[in-house]
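To start, the structure itself, in structure tokens.
So that the names make sense, note that chain A is the first sequence line, chain B the second, and so on, each numbered from 1. Because the structure is predicted, anything quoted here is derived from the model rather than measured.
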Protein chains: 2
Amino acid sequence: MISIEKSSQTKIDKTDFDNLTFGQVFTDHMMISDFKDGEWHEPVIKPYGPLSIDPSARVFHYGQAVFEGMKAYKDKDEKIWMFRPEQNFERINASSKRLAIPEFPKDFFFNGLETLLKLEKDWIKQGFGNSLYIRPFVIATEAGVSASPAKEYKFMIICSPAQSYYSGEVRVKFSDKFSRAADGGVGFAKAAGNYGAQFYPTNLAKEEGYQQIVWTDANSHEYLEEAGTMNIFFRIGDKLITAPISDRILDGVTRKSVIALAERMNIPMEVRKVTVQEILEAADSGNLKEMFGSGTATVINPITGFGNKGKNYDLPKLEDSYAHAFKDTLMKIQYNEAEDPFGWRYEVKE
Amino acid sequence: MISIEKSSQTKIDKTDFDNLTFGQVFTDHMMISDFKDGEWHEPVIKPYGPLSIDPSARVFHYGQAVFEGMKAYKDKDEKIWMFRPEQNFERINASSKRLAIPEFPKDFFFNGLETLLKLEKDWIKQGFGNSLYIRPFVIATEAGVSASPAKEYKFMIICSPAQSYYSGEVRVKFSDKFSRAADGGVGFAKAAGNYGAQFYPTNLAKEEGYQQIVWTDANSHEYLEEAGTMNIFFRIGDKLITAPISDRILDGVTRKSVIALAERMNIPMEVRKVTVQEILEAADSGNLKEMFGSGTATVINPITGFGNKGKNYDLPKLEDSYAHAFKDTLMKIQYNEAEDPFGWRYEVKE
Ligand SMILES: Cc1ncc(COP(=O)(O)O)c(C=O)c1O
Ligand SMILES: Cc1ncc(COP(=O)(O)O)c(C=O)c1O
């Protein structure tokens with residue numbers, strides 16, 4: 001049994017659920033488990049509030065920290081669903097391993113998560129597109145500035161209500177100078193440091209009129225890999241292509257779901273290296289039909305154009321895009337409005 | 001004038017200055033400056049103690065954090081000295097820029113630092129090898145889990161008394177699989193995430209009997225670059241070689257000081273790419289005389305042997321090593337026991 005310390009008041013009445021900025025409002029409670037004396041301790045649920053951490057804690061100095069991103073949905077019968085949460089559980093432990101953080105026990109993860117979600121169920125609003133964004137994360141809290149793995153950590157889960165949002169026109173820049181990850185590095189992990197490292201190049205891209213960067217391989221900048229928080233798909237003619245995962249690329253849950261759906265929907269799908277060159281040629285010949293990103297936050301994010309070495313390309317506006325079909329199919333599965341042939345849905349039972 | 005809130009008690013009497021573990025004990029005070037409303041605010045000095053930070057702060061999730069490492073020394077006349085501190089000031093701002101963190105004003109840095117050092121001067125012990133290790137760092141404190149630069153930060157300085165230590169035999173492993181930094185990445189910055197990313201490969205190397213890894217380039221693993229917190233020098237015959245800095249390699253203050261000293265001491269010095277191949281050949285032919293690391297924490301760290309793809313090599317034990325000569329010369333300059341032809345010493349005046 002997970003101990004729950006209830007918040008004496010709720011912020012829910014003060015929250016405008018029709019005007020949510022992503023990741024700004026948090027629910028009333030949070031889950032915490034401490035790693036101490038060589039083991040993870042039973043999670044506890046407490047009122048959401050600030051942490052008291054020594055200024056010499058490893059997380060501040062050495063970025064020993066990983067995270068996950070997942071969502072909970074409420075269907076028309078008030079049932080609460082998650083989407084493939086065991087994937088996120090496995091991935092946070094894969095990330096932890098690479099960052100020399102002790103892996104978290106499966107029962108603590110699911111018990112803690114589900115207890116928290118049931119406590120916060122009023123924060124999950126019905127309606128296609130509404131969700132509760134869930135952020136599990138681990139930070140190294142041990143005091144001391146020596147560059148070695150900590151012996152104390154906190155595994156936490158915080159939650160933030162989210163709306164479906166129209167992200168506007170998304171134009172991306174193919175990176176030709178900066179890079180996100182090295183072979184043999186931590187790109188495949190949701191390591192905190194991977195994200196802060198992208199802010200500066202992304203700011204420069206924004207100044208040039210792009211919203212995001214599509215990262216290329218650091219060696220040659222010839223292969224298109226992924227975006228900041230999305231995997232990337234390309235449609236040439238009727239064929240869909242995406243890069244294979246590697247130690248540089250995050251193994252996205254949405255990405256692997258799109259790949260599985262493509263097969264089911266009889267969409268020709270190739271998982272292989274994608275060259276900048278072939279995308280430019282396809283764009284020039286009119287064969288590049290679509291580009292879209294996949295990720296938990298936006299599900300599927302259509303890309304309207306891209307820039308490469310100062311030259312800009314527009315993508316056609318399609319009536320019957322793959323992006324739309326995948327988004328619709330995935331969301332209907334997530335919101336329990338369609339059959340779930342893959343068993344992806346996970347009910348958070350009372 | 002920097003406001004000082006004095007600690008009501010001191011830990012100094014409880015501190016065993018003859019048995020210090022690096023980075024474990026901190027002095028009584030810390031410096032803090034907040035970035036808010038678009039600007040850095042005048043630093044304040046407060047009793048050392050925990051920070052209260054929202055669990056959604058950017059530093060926990062996106063590793064938006066950088067740091068520095070420097071030292072203060074006390075000479076025989078009780079004067080306090082630093083070593084090239086303007087280099088660390090410039091470097092933390094270069095690191096900040098790459099991490100999309102606003103640069104810190106020079107007068108805040110030096111006023112805050114010197115006020116803190118004068119307040120903590122009893123923590124700086126006389127004696128060759130004793131020092132106060134100084135850790136300036138910046139963390140993104142703004143609440144909110146959206147992957148974009150924060151609008152609020154803390155710039156802090158904390159201090160930890162340090163002894164000279166004999167680090168024992170240091171055997172290093174040449175990395176042939178993992179890597180530390182990508183071209184176009186953040187390797188040149190003292191970004192927090194660069195360090196946590198090294199813990200796991202370093203643990204594996206430790207299991208194989210090495211203390212540290214010498215990182216090679218991520219593309220080919222053919223070029224030797226730097227170690228976890230040290231730049232690396234190789235001596236072949238009488239010639240000293242070290243890799244040039246790049247966007248993957250930290251521009252070490254000790255490294256550039258060794259390069260300058262080598263010229264003055266008429267030691268032939270080459271700053272150029274160093275191949276694993278040439279080091280193996282030099283080791284086989286008996287021409288590889290020395291390897292050593294350079295960094296603020298240990299000054300010069302002689303390396304006793306190395307491993308490459310499972311094969312181990314020992315380095316000779318020299319009577320008159322370059323490592324010893326550089327360490328002695330550098331430390332005498334640092335402790336005001338020798339002439340300072342380069343103007344590297346910086347006095348913290350009462
Ligand atoms: C770097 C990166 N790529 C891709 C994704 C998409 O992964 P998922 O579909 O599991 O959310 C994410 C975010 O979650 C990410 O951080
Ligand atoms: C990655 C890395 N290389 C080299 C160094 C050595 O630099 P410096 O001589 O300025 O201390 C450090 C540490 O300070 C470091 O973190």
Side-chain angles (χ1 to χ4, degrees), chain A residues 21-24 26 30 48-56 58-65 67 97-100 133 135 137 139-140 143-149 156 158 160 175 177-186 191-200 202-203 218-219 228-229, chain B residues 21-24 26 30 48-56 58-65 67 97-100 133 135 137 139-140 143-149 156 158 160 175 177-186 191-200 202-203 218-219 228-229:
Chain A
T21 306
F22 185 80
Q24 286 304 114
F26 294 89
M30 59 188 186
Y48 184 94
L51 304 173
S52 173
I53 302 194
D54 197 274
S56 69
R58 296 288 202 288
V59 60
F60 296 139
H61 300 267
Y62 305 125
Q64 204 189 1
F67 69 99
K97 187 172 176 203
R98 182 60 180 82
L99 271 285
Y133 181 77
R135 170 58 59 93
F137 64 106
I139 53 176
V145 293
S146 68
S148 58
M156 300 189 55
I158 55 177
S160 173
S175 189
K177 184 172 156 226
F178 291 105
S179 53
R180 182 187 171 277
D183 287 315
V186 299
N194 288 340
Y195 296 80
Q198 299 181 56
F199 294 168
Y200 175 71
T202 304
N203 278 352
N219 302 0
T229 56
Chain B
T21 306
F22 185 81
Q24 286 304 115
F26 294 89
M30 60 189 186
Y48 185 94
L51 304 173
S52 173
I53 303 195
D54 197 274
S56 70
R58 296 288 202 289
V59 61
F60 296 139
H61 300 267
Y62 305 125
Q64 204 188 1
F67 69 100
K97 187 172 175 201
R98 183 59 180 83
L99 271 286
Y133 181 77
R135 171 58 60 91
F137 65 105
I139 53 176
V145 294
S146 68
S148 58
M156 300 188 55
I158 56 177
S160 173
S175 188
K177 183 172 156 226
F178 291 105
S179 53
R180 183 188 170 275
D183 286 314
V186 299
N194 288 341
Y195 296 81
Q198 299 181 57
F199 294 168
Y200 174 71
T202 304
N203 279 352
N219 301 0
T229 56

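Between chain A and the options M156(B), R58(B), Q64(B), heavy-atom pairs under 4.5 Å are most frequent for Q64(B). Highest contact tally toward chain B, considering only A143(A), A140(A), G63(A), P149(A), is held by P149(A) [criterion: heavy-atom pairs under 4.5 Å]. In terms of heavy-atom pairs under 4.5 angstrom with chain A, the leader among V186(B), L99(B), N203(B), L51(B) is L51(B). Between chain B and the residues G228(A), A147(A), S175(A), the most heavy-atom pairs under 4.5 angstrom are made by A147(A). When G49(A), G196(A), A191(A), G185(A) are compared by the number of non-hydrogen pairs under 4.5 Å with chain B, G196(A) comes out ahead.
For a residue to count as touching a neighbouring chain, one of its non-hydrogen atoms must lie under 4.5 Å from one of that chain's; by this rule S148(A) touches chain B with the backbone only. The contact between N219(B) and chain A is made by backbone and side chain atoms together, counting heavy-atom distances below 4.5 Å. Only the side chain of I158(B) comes within contact range of chain A, with at least one heavy atom under 4.5 Å from a heavy atom of that chain. Residue contact with chain B, scored on non-hydrogen atoms closer than 4.5 Å, involves the backbone and the side chain of D54(A) alike.
Checked against the 6.0 Å centroid threshold, F137(B) and H61(A) count as a close aromatic pair. Here F60(A) and F67(B) keep their ring centres 6.0 angstrom or further from each other.
Applying the side-chain contact (heavy atoms from CB on, under 4.5 Å) criterion to A65(A), with sequence neighbours excluded, gives V59(A), I139(A), A192(A). Contacts of Y133(A) classified as ring-ring contact (aromatic ring centres under 6.0 Å, His included), with partners at least two apart in sequence or in another chain: F22(A).
In terms of heavy-atom proximity, M30(B) sits nearest to P55(A) at SD-CG, 3.9 Å. Closest of all the heavy-atom pairs between A182(B) and S179(A) is CB-OG, 3.7 Å. The nearest pair of heavy atoms linking K97(A) to Y200(B) is O-CD1, 3.3 Å.
A donor and an acceptor atom, one from each side chain of N194(A) and Y62(B), are nowhere located under 3.5 Å apart.
Judged purely by atom type and a 3.5 angstrom limit, R98(B) uses its side chain to pair as donor or acceptor with the backbone of A197(A).
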